[in-house]
*Asks:* 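Here it is, the structure in full.
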Number of protein chains: 2
Amino acid sequence: MSKSKLTLTAAESVACCSPVLTDPMSEDRAERIAPLLKAIADPVRLRLLSPVAAHEGGEACVCDLNDAFELSQPTISHHLKVLHEVGLLDRSKRGVWVYYRVRSRALGDSATLLAGVGR
Amino acid sequence: MSKSKLTLTAAESVACCSPVLTDPMSEDRAERIAPLLKAIADPVRLRLLSPVAAHEGGEACVCDLNDAFELSQPTISHHLKVLHEVGLLDRSKRGVWVYYRVRSRALGDSATLLAGVGR
DNA sequence: TGTCAATATTGACGCATGTCGAAGTCGAAG
DNA sequence: CTTCGACTTCGACATGCGTCAATATTGACA
């Protein structure tokens, strides 16, 4: 990322500074991390992640995802937006189509975080 | 109840069968896992886990937790119940006091699951 | 320019959830 | 048996969230 950003996504807030272990998590940190977990904690969004990751080249077109779910197109669009906003999905528009890509680093960081909370 | 349970906690549903990797997560599985993640995806509950894990002997009394938060006692009790119901916290009553203990296995399993979704 | 197709946004609806005060339960100790 | 203290449950309130239909936007192409 060349340009300087002023705000961090939830995923980026997770990435740094690790030791959540024994000492209690600060209120501030919890408030920043919760949205990320909340984004994943939805059945539809959970199911959205793997098809994207599994697709050719690691990215999937929205149209493919629409077909794979029995939900309205706006609803899928909404969920993708949520995942994008917390930094779990990258978004790139090519022509009329929009492709999403999993930021596996962010996902891995949240997993690490989770593992660290309890031990 | 001494043994044989008919229903699994959300945490137990996560434990078995791993490969969420490339093939998409089934709707059924997603519906069972989401509540577990949803339970952790709250700032207060996130902050509740580490003090419990860090306490003497890995368990903490509700009274200790009440003092550590600026929330009403019923609210803390509610959050502990949520964490308990999804299988992340064990609950044992000794005398007048109630002690909660982190089931680190369950927490670890959800972390593993999360790591597996994106790659 | 105008039309069509792919996504996004808006607005509205109902349901879920976090919070509190008040009341209920359940041991322990007089 | 009565009282007290530690929790839990209940009822109510406000806010948040998933969903859809309708509408807007954007790019390709005739």
Side-chain angles (χ1 to χ4, degrees), chain A residues 10 25 27-28 30-49 51-52 55 59-86 88-101, chain B residues 1 10 25 27-28 30-49 51-52 55-56 59-86 88-101:
Chain A
M25 182 181 301
E27 182 173 352
D28 195 63
E31 300 277 2
R32 265 177 298 139
I33 291 172
L36 174 64
L37 294 175
K38 205 167 278 189
I40 320 180
D42 177 273
V44 174
R45 291 195 288 266
L46 258 179
R47 289 173 60 209
L48 271 171
L49 286 176
V52 173
H55 240 259
E59 62 182 12
C61 173
V62 176
C63 53
D64 296 329
L65 300 170
N66 277 327
D67 297 345
F69 290 80
E70 291 185 345
L71 289 169
S72 72
Q73 178 266 325
T75 298
I76 298 295
S77 186
H78 164 68
H79 286 302
L80 290 170
K81 182 183 183 181
V82 170
L83 289 171
H84 172 62
E85 281 177 343
V86 299
L88 281 171
L89 245 42
D90 269 339
R91 184 178 180 279
S92 71
K93 186 166 188 176
R94 288 202 294 278
V96 189
W97 295 278
V98 174
Y99 295 86
Y100 283 93
R101 170 188 300 269
Chain B
M1 66 195 82
M25 182 181 300
E27 181 172 352
D28 194 63
E31 299 277 2
R32 267 177 297 140
I33 290 172
L36 176 64
L37 294 174
K38 206 166 277 189
I40 321 180
D42 176 274
V44 174
R45 292 195 285 266
L46 259 180
R47 288 172 62 208
L48 270 172
L49 287 176
V52 172
H55 239 259
E56 189 97 14
E59 62 182 9
C61 173
V62 176
C63 54
D64 296 330
L65 300 170
N66 276 327
D67 297 346
F69 290 80
E70 292 185 345
L71 289 169
S72 74
Q73 184 267 330
T75 298
I76 297 295
S77 185
H78 162 69
H79 287 302
L80 289 171
K81 182 182 182 181
V82 171
L83 289 171
H84 172 61
E85 282 177 343
V86 297
L88 281 171
L89 245 41
D90 269 340
R91 184 180 181 278
S92 71
K93 185 168 187 174
R94 289 201 294 279
V96 188
W97 295 279
V98 174
Y99 294 86
Y100 284 93
R101 170 187 299 271

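The chains referred to below are lettered A, B, ... by the order of the sequence lines, with proteins before strands, and numbering in each begins at 1.
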*Asks:* Who passes salt bridge (charged side-chain N to carboxylate O under 4.0 Å, His left out) against A/D67, sequence neighbours left out?
*Replies:*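 If we apply the salt bridge (charged side-chain N to carboxylate O under 4.0 Å, His left out) test to A/D67, skipping adjacent residues, there are no hits.
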
*Asks:* Between A/R94 and A/E70, name the one whose nearest nucleotide on DNA chain D is closer to the 5' end.
*Replies:*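 In this pair, the answer is A/E70.
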
*Asks:* Which is the 5'-most and which the 3'-most nucleotide of DNA chain C that has an atom under 4.0 Å from a heavy atom of chain A?
*Replies:*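 First and last nucleotides in contact are C/dA6 to C/dT9.
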
*Asks:* Holding to side-chain contact (heavy atoms from CB on, under 4.5 Å), I want the full list of residues that pass it with B/E27, two or more places apart in sequence or in another chain.
*Replies:*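 In terms of side-chain contact (heavy atoms from CB on, under 4.5 Å), with neighbours along the sequence ignored, B/E27 is linked to A/R47, B/E31.
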
*Asks:* Apply salt bridge (charged side-chain N to carboxylate O under 4.0 Å, His left out) to B/R91 and list each qualifying residue two or more places apart in sequence or on a separate chain.
*Replies:*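 B/R91: no salt bridge (charged side-chain N to carboxylate O under 4.0 Å, His left out) contacts found.
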
*Asks:* Does D/dT9 have a Watson-Crick or wobble mate here (both distances under 3.5 Å), and if so which one?
*Replies:*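 Across any shown strand, D/dT9 pairs with C/dA22.
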
*Asks:* With rounding to the nearest 0.5 angstrom, report the CG to CD1 distance, B/L37 to B/I40.
*Replies:*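 With rounding to 0.5 Å, CG (B/L37) is 5.5 Å from CD1 (B/I40).
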
*Asks:* Can you check each nucleotide of nucleotides 6-17 of chain D against protein heavy atoms at under 4.0 Å and return B for base, S for sugar-phosphate only, - for none, in 5' to 3' order?
*Replies:* SBBB-------S

*Asks:* Should A/W97 and A/V62 be marked as a side chain to side chain contact (heavy atoms under 4.5 Å, CB included) after you check the CA-CA gap, both sets of side-chain angles, and the distance that decides it?
*Replies:* CA-CA 7 Å; A/W97 295 278; A/V62 176; over 6 Å; no

*Asks:* Apply the test side chain to side chain contact (heavy atoms under 4.5 Å, CB included) to residues B/L89 and B/V82: give CA-CA distance (whole Å), side-chain angles for both, the deciding distance (0.1 Å), then the verdict.
*Replies:* CA-CA 9 Å; B/L89 245 41; B/V82 171; over 6 Å; no

*Asks:* Are B/H55 and B/D64 close enough, and set up right, to give a side chain to side chain contact (heavy atoms under 4.5 Å, CB included), and what steps lead you there?
*Replies:* CA-CA 10 Å; B/H55 239 259; B/D64 296 330; 3.3 Å; yes

*Asks:* Considering only distance and modelled atom types, tabulate donor-acceptor pairs under 3.5 Å from the side chains of residues 68-80 of chain B, sequence neighbours left out.
*Replies:*
| from | atom 1 | to | atom 2 | distance (Å) |
| --- | --- | --- | --- | --- |
| B/S72 | OG | B/T75 | N | 3.3 |
| B/S72 | OG | B/T75 | OG1 | 2.8 |
| B/H79 | ND1 | B/R45 | NH1 | 3.0 |

